[in-house]
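Everything numeric in this text was worked out from a predicted model, so none of it was measured. Protein chains get the first letters and strands the later ones, always in sequence-line order, with residue 1 at the start of each.
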Amino acid sequence: MSGTTTEEPDDGAHGLPALIAARRAKAQTLRQTDRSAFPYAFARPTPVAEVLGAYEHLQVGEETDERQRVAGRLAARRGHGKSAFLDLVDRTGKIQLHARSDVLGGEAFERLTSLDVGDLIGVDGSAMRSRGGEISLRVEDFQVLAKALRPPPDFHHGLADVQTRYRRRELDLIANEPTRKLFIDRAKIISAVRSYLDAQDFIEVETPVLQPLYGGALARPFTTHHNELDRELYLRIATELYLKRLIVGGLEKVYELGKDFRNEGVSTKHSPEFTMVEFYEAYADYNDAAQRTEEIIRAAAQAVQYSGEIDFQGSWRRVRFVDAITEATGIDLMAHRDASALGREISARELGLATDGLTWPQMADDLLAKFVEPTLIQPTFVFDYPLELSPFAREHRSQAGLAERWEAFAGGIEIANAFSELNDPDVQRARFEEQQSLAAQGDEETQPYDEIFIEALEQGMPPTGGVGIGLDRLVMLLCGRDSIREVVLFPAMRD
RNA sequence: GGGCCGUUAGCUCAAUUGGCAGAGCAGGGGCCUCUUAAGCCCAAGGUUGUUGGUUCGAUUCCAACACGGCCCA
């Protein structure tokens with residue numbers, strides 16, 4: 001063998017650098033031998049799924065002279081000397097290509113079979129069904145559309161490393177068909193939500209992401225700085241207060257769909273930036289809001305043909321907050337209406353829940369989160385929250401100390417939150433003052449006093465029902481994922 | 001913040017009580033005109049996450065750290 005192998009100059013490169021060098025050398029050859037090796041466009045390819053659908057009728061071994069044009073990424077190659085099978089993948093599916101030296105000519109055949117898995121190509125070929133029974137295209141002409149200089153992840157095993165899948169989502173999308181489907185389904189869900197609201201005459205609006213004051217939820221904000229104005233600004237934690245000002249303004253039915261930001265811990269259910277839709281309807285209350293929420297989520301489930309264990313099509317269960325806690329723990333919240341009484345009751349029942357230093361509403365919230373929420377698999381509205389947990393909700397029309405607020409749960413997680421919106425400016429002012437007092441006691445998740453919002457309410461806001469739906473969590477449920485990072489394209493990661 | 005688990009070739013995964021780190025795919029050189037995880041032959045490919053420690057010898061045992069996953073708070 002000595003002196004007979006000259007095929008590859010050994011520059012000492014191994015591993016990934018060698019793989020890249022080999023591909024770059026091929027790219028260089030393409031540039032030198034084919035002036036159109038890196039074209040600017042490839043006119044109107046047909047989606048693979050459409051081609052496959054059009055030739056279901058072909059018999060095994062049947063060939064046609066109907067030319068089809070497809071474009072996509074080379075996913076596999078099975079060479080047979082003077083012929084070869086290749087798999088081409090686009091957004092809609094995978095189609096097999098059959099290349100024959102006698103059809104293409106030796107030079108083109110050689111050029112095609114020397115491509116690498118991962119390269120992007122465009123193909124014109126005639127439809128056929130192979131002897132193996134697979135609908136295929138016999139390649140008659142092809143064009144390299146872009147050379148891949150880095151090797152793709154293994155197309156058969158997919159990309160398994162979770163960290164790489166999140167940090168390099170493009171590789172996840174290339175290698176894992178379920179990931180492609182997930183994000184296409186996510187788009188269908190978002191689109192279904194918009195379509196519902198548009199069809200019901202809600203107006204889509206855009207309110208500030210950078211806000212002088214944050215509000216509308218109990219959460220810590222991100223802060224940033226505007227150089228020209230030389231002032232601190234907050235990234236919004238909710239769109240609530242601006243949307244209600246638009247209700248004051250007479251837009252009557254408005255919605256905003258977009259990102260909110262909360263400077264809190266990350267978990268499988270929490271992301272520092274997340275997608276929320278909030279919609280507000282004048283002259284409606286939280287009962288109307290519940291009905292709309294059922295309808296929206298029903299439409300979203302239908303959009304992705306959801307067929308899991310959760311029944312989104314029927315009418316959702318409704319349970320009162322205090323009843324849900326009594327059912328789960330035996331505790332009668334209303335009979336223990338202060339922190340020390342409830343703390344004693346929780347301790348007496350040995351629920352394993354810490355109570356030291358917690359306020360009554362915090363304990364009530366903890367009881368729901370720990371003993372009720374995980375059991376709510378089928379869609380459920382939990383109605384009538386303690387007033388203290390709901391600074392923007394009206395007090396219940398017949399039950400003192402409770403708010404006209406519900407949260408919706410499914411699959412054991414919270415997916416939506418709604419109120420009969422508080423529209424009495426003097427009561428709202430008092431609620432802000434309570435929040436300020438809590439902040440003074442060290443609570444970091446309180447509402448800053450928003451005088452402009454109060455003045456807006458003083459102009460008169462009609463009775464209004466408002467809802468916020470966490471769309472990432474909705475996607476999780478409808479697409480069967482158990483982590484929010486799975487349904488966000490580029491989740492936040494440590495450096 | 002705490003506990004448990006993980007990190008080995010471009011990708012997917014092995015490695016016995018601590019004893020020369022292996023395979024499939026991809027990539028390179030050949031053969032092959034219906035395969036589909038194509039097949040066959042040949043050659044090549046590794047700072048075993050990082051830094052220390054124990055040891056004659058560490059992917060393996062210990063510690064710290066980094067990143068990630070799961071559970072708990």
Revision key, fill the gap. Heavy-atom contacts, protein to nucleotides 32-39 of chain B, under 4.0 Å, summarised as B (base), S (sugar-phosphate only) or - (none) per nt, yield BBBBBBB-
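- With rounding to whole Å, L159(A) atom CG is found 17 Å from A26(B) atom P.
- For the C1' atoms, the distance linking U48(B) with G2(B) amounts to 29 Å, nearest Å.
- Comparing the same atom, C1', in A37(B) and in C20(B) gives a spacing of 32 Å after rounding to whole Å.
- No side-chain donor-acceptor contact under 3.5 Å links Y449(A) and Q435(A).
- Atoms CZ (R150(A)) and C1' (G27(B)) sit 15 Å apart, rounded to a whole Å.
- Salt bridge annotation for D472(A)-K269(A): absent, with no cationic side-chain nitrogen under 4.0 angstrom from a carboxylate oxygen.
- The base-pairing partner of G39(B), taking Watson-Crick or G-U wobble contacts with both distances under 3.5 Å, is C31(B).
- A14(B) sits 12 Å from A9(B) when the P atoms are compared, rounded to a whole Å.
- In this structure, CG on D311(A) lies 13.5 Å from CD1 on I377(A), to the nearest 0.5 angstrom.
- Comparing the same atom, P, in G3(B) and in G22(B) gives a spacing of 37 Å after rounding to whole Å.
- Ring orientation note: the planes of F383(A) and W406(A) are tilted relative to one another, at an angle of 30° to 60°.
- Classification of R431(A) and E433(A) as a salt-bridged pair fails, no side-chain N sitting under 4.0 Å from a carboxylate O.
- Going from atom CG of L115(A) over to atom C1' of A26(B) covers 15 Å, rounded to whole Å.
- Comparing K26(A) and P17(A) by the nucleotide of RNA chain B whose heavy atom lies nearest to each, the residue mapping closer to the 5' end is P17(A).
- Contact annotation: the side chain of F409(A) approaches that of V382(A) to within less than 4.5 Å [non-hydrogen atoms, C-beta and beyond].
- Atom CZ of R73(A) and atom C1' of A26(B) are 15 Å apart (whole Å).
- Summarising the base pairing, G1(B) is matched to C72(B) through a Watson-Crick or G-U wobble pair whose two defining distances lie under 3.5 Å.
- Across the protein-nucleic acid pair, I20(A) atom CD1 and G10(B) atom P stand 10 Å apart, rounded to whole Å.
- For C20(B), there is no paired base (Watson-Crick or G-U wobble, both distances below 3.5 Å).
- Comparing the same atom, P, in A26(B) and in A38(B) gives a spacing of 7 Å after rounding to whole Å.
- For C11(B) and G46(B), the C1' atoms lie 15 Å apart once the distance is rounded to whole Å.
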Using a cut-off of under 3.5 Å, enumerate the N/O to N/O pairs linking the protein to nucleotides 68-73 of chain B.
{"unit_1": "G68(B)", "atom_1": "OP1", "unit_2": "R494(A)", "atom_2": "N", "d": "2.8"}
{"unit_1": "G68(B)", "atom_1": "OP2", "unit_2": "R494(A)", "atom_2": "NE", "d": "3.2"}
{"unit_1": "G68(B)", "atom_1": "O4'", "unit_2": "Q163(A)", "atom_2": "NE2", "d": "3.0"}
{"unit_1": "G69(B)", "atom_1": "OP1", "unit_2": "R485(A)", "atom_2": "NH1", "d": "2.7"}
{"unit_1": "G69(B)", "atom_1": "OP2", "unit_2": "R485(A)", "atom_2": "NH1", "d": "3.1"}
{"unit_1": "A73(B)", "atom_1": "OP1", "unit_2": "K370(A)", "atom_2": "NZ", "d": "3.4"}

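- Taking a pair to require two hydrogen-bonding distances under 3.5 Å in either a Watson-Crick or a G-U wobble arrangement, A66(B) pairs with U7(B).
- Between Y55(A) and the options E66(A), E62(A), R129(A), a side-chain hydrogen bond (donor to acceptor under 3.5 Å, both in side chains) holds for only E66(A).
- In a base pair of the Watson-Crick type (N1 to N3 plus N6-O4 or O6-N4) or a G-U wobble (N1-O2 and O6-N3), with each distance short of 3.5 Å, A26(B) is matched with no nucleotide.
- The partner of C61(B), taking Watson-Crick or G-U wobble pairs whose two distances both stay under 3.5 Å, is G53(B).
- Note: CG (D161(A)) to C1' (U8(B)) measures 12 Å, nearest angstrom.
- Atom CG of D119(A) and atom C1' of G27(B) are 12 Å apart (whole Å).
- The CG atom of L16(A) sits 14 Å away from the P atom of G27(B) (whole-angstrom rounding).
- No hydrogens or angles considered: nothing links the side chains of S483(A) and E486(A) as a donor-acceptor pair under 3.5 Å.
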Contacts table for residues 133-141 of chain A: side-chain donor-acceptor under 3.5 angstrom, sequence neighbours left out:
{"unit_1": "S136(A)", "atom_1": "OG", "unit_2": "Q96(A)", "atom_2": "NE2", "d": "3.1"}
{"unit_1": "S136(A)", "atom_1": "OG", "unit_2": "E134(A)", "atom_2": "O", "d": "2.8"}
{"unit_1": "R138(A)", "atom_1": "NH1", "unit_2": "E63(A)", "atom_2": "OE1", "d": "2.4"}
{"unit_1": "R138(A)", "atom_1": "NH1", "unit_2": "E63(A)", "atom_2": "OE2", "d": "3.0"}
{"unit_1": "R138(A)", "atom_1": "NH2", "unit_2": "H98(A)", "atom_2": "ND1", "d": "3.1"}
{"unit_1": "E140(A)", "atom_1": "OE1", "unit_2": "R67(A)", "atom_2": "NH1", "d": "3.2"}
{"unit_1": "E140(A)", "atom_1": "OE2", "unit_2": "S126(A)", "atom_2": "OG", "d": "2.7"}

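- Donor-acceptor pairing under 3.5 Å is lacking for the side chains of S83(A) and H80(A).
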